[in-house]
Amino acid sequence: MAAVRLPRFWEWGRKIVCVGRNYVDHAKELNNPLPSEPVLFLKPPSSYLREGHPIEIPWYSHNLHHEVELGLVLGKGGRCIPTADAMDFIGGYALCLDMTARDTQDTCKQKGLPWTLAKAFDGSCPIGDFIPKQKIPEPQNLRVWLKVNGALRQDGNTSDMIFSIPSLINYISNIMTLEEGDLILTGTPAGVSAVHEGDRLEAGLGNISTMNFTITRSSAKP
Ligand SMILES: CC(=O)CC(=O)C(=O)O
Ligand SMILES: [Mg+2]
């Protein structure tokens, strides 16, 4: 039953849990300290964006960054999931972008405020198609890449994660109950950079899944 419903998980209104600073090279490029525990934040379901719709630069940002990430789609829910059992809770995967208003994030950091404005705006989580679990037998050894206007900007591998996929599921589920259809973004590798109106983004998980988006400026202003 779950296998039939999961392919359209983004329509369920479930939470998106994001992990930050999970790759050494990315933490270093932003001069962030290496975390001793996973860094977590949330995006609302209104962040989901599917191909065919442009990514909008929020009206308050002049430095929107791409972050390409492997997404884990929960196939069943649980609380305090043991690391040893964690992979059984994955129903599939998705190619994801964690679009980030970097200027806003920097201001939030300086003021000691949460990252909501920088990370949780409408369309801040573009996603590709649902990938059934069996199509990625080695999720901890997977190329994650992104091009802007044909130029390769991010080219990482999930083998370089600081916190492994099972340990992330264990950590998150010790804090909040994970539900079927939840999405976990596992962090971005190095190479994040600014996008501009008219840019074309192409991203991929190896050659298993690819997606394309264009960039526009939001017409929504207060
Ligand atoms: C510094 C960040 O924005 C953290 C983040 O989202 C990541 O993927 O790393
Ligand atoms: Mg991220």
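As the structure is a prediction and not an experimental result, all values here were calculated from the model.
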Is any NZ, NE, NH1 or NH2 atom of the basic residue among [X] and [Y] found under 4.0 Å from an Asp or Glu carboxylate oxygen of the other?
{"X": "Arg102", "Y": "Glu67", "answer": "yes"}
{"X": "Asp106", "Y": "Lys111", "answer": "no"}
{"X": "Glu180", "Y": "Arg14", "answer": "no"}

Hey, are [Y] and [X] close enough side-chain-wise for a donor-acceptor pair under 3.5 Å?
{"X": "Ser164", "Y": "Ser167", "result": "yes"}
{"X": "Ser193", "Y": "His65", "result": "no"}
{"X": "Ser159", "Y": "Asn141", "result": "no"}

Cys96 backbone acceptor or donor facing Glu69 side chain under 3.5 Å
no
Please table the atom pairs, donor to acceptor, closer than 3.5 Å between any side-chain atom in residues 199-210 and protein atoms at least two apart or in another chain.
{"unit_1": "Asp199", "atom_1": "OD1", "unit_2": "Asn149", "atom_2": "ND2", "d": "3.0"}
{"unit_1": "Asp199", "atom_1": "OD2", "unit_2": "His196", "atom_2": "N", "d": "2.8"}

Can you tell me how far CD1 of Ile165 sits from CD1 of Ile90, rounded to the nearest 0.5 angstrom?
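These two atoms lie 5.5 Å from each other.
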Report the residues that fulfil side-chain hydrogen bond (donor to acceptor under 3.5 Å, both in side chains) with Lys76, sequence neighbours left out, ordered by chain and then residue number.
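With sequence neighbours excluded, Lys76 shows a side-chain hydrogen bond (donor to acceptor under 3.5 Å, both in side chains) to no residue whatsoever.
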Quick check with a 6.0 Å cut-off and a 45 degree axis cone: is Arg5 positioned over the face of Trp12's six-membered ring?
yes
Please tell me if the side chains of Ile57 and Ile215 come closer than 4.5 Å, counting only heavy atoms from C-beta onward.
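Yes; the side chains approach each other to less than 4.5 Å.
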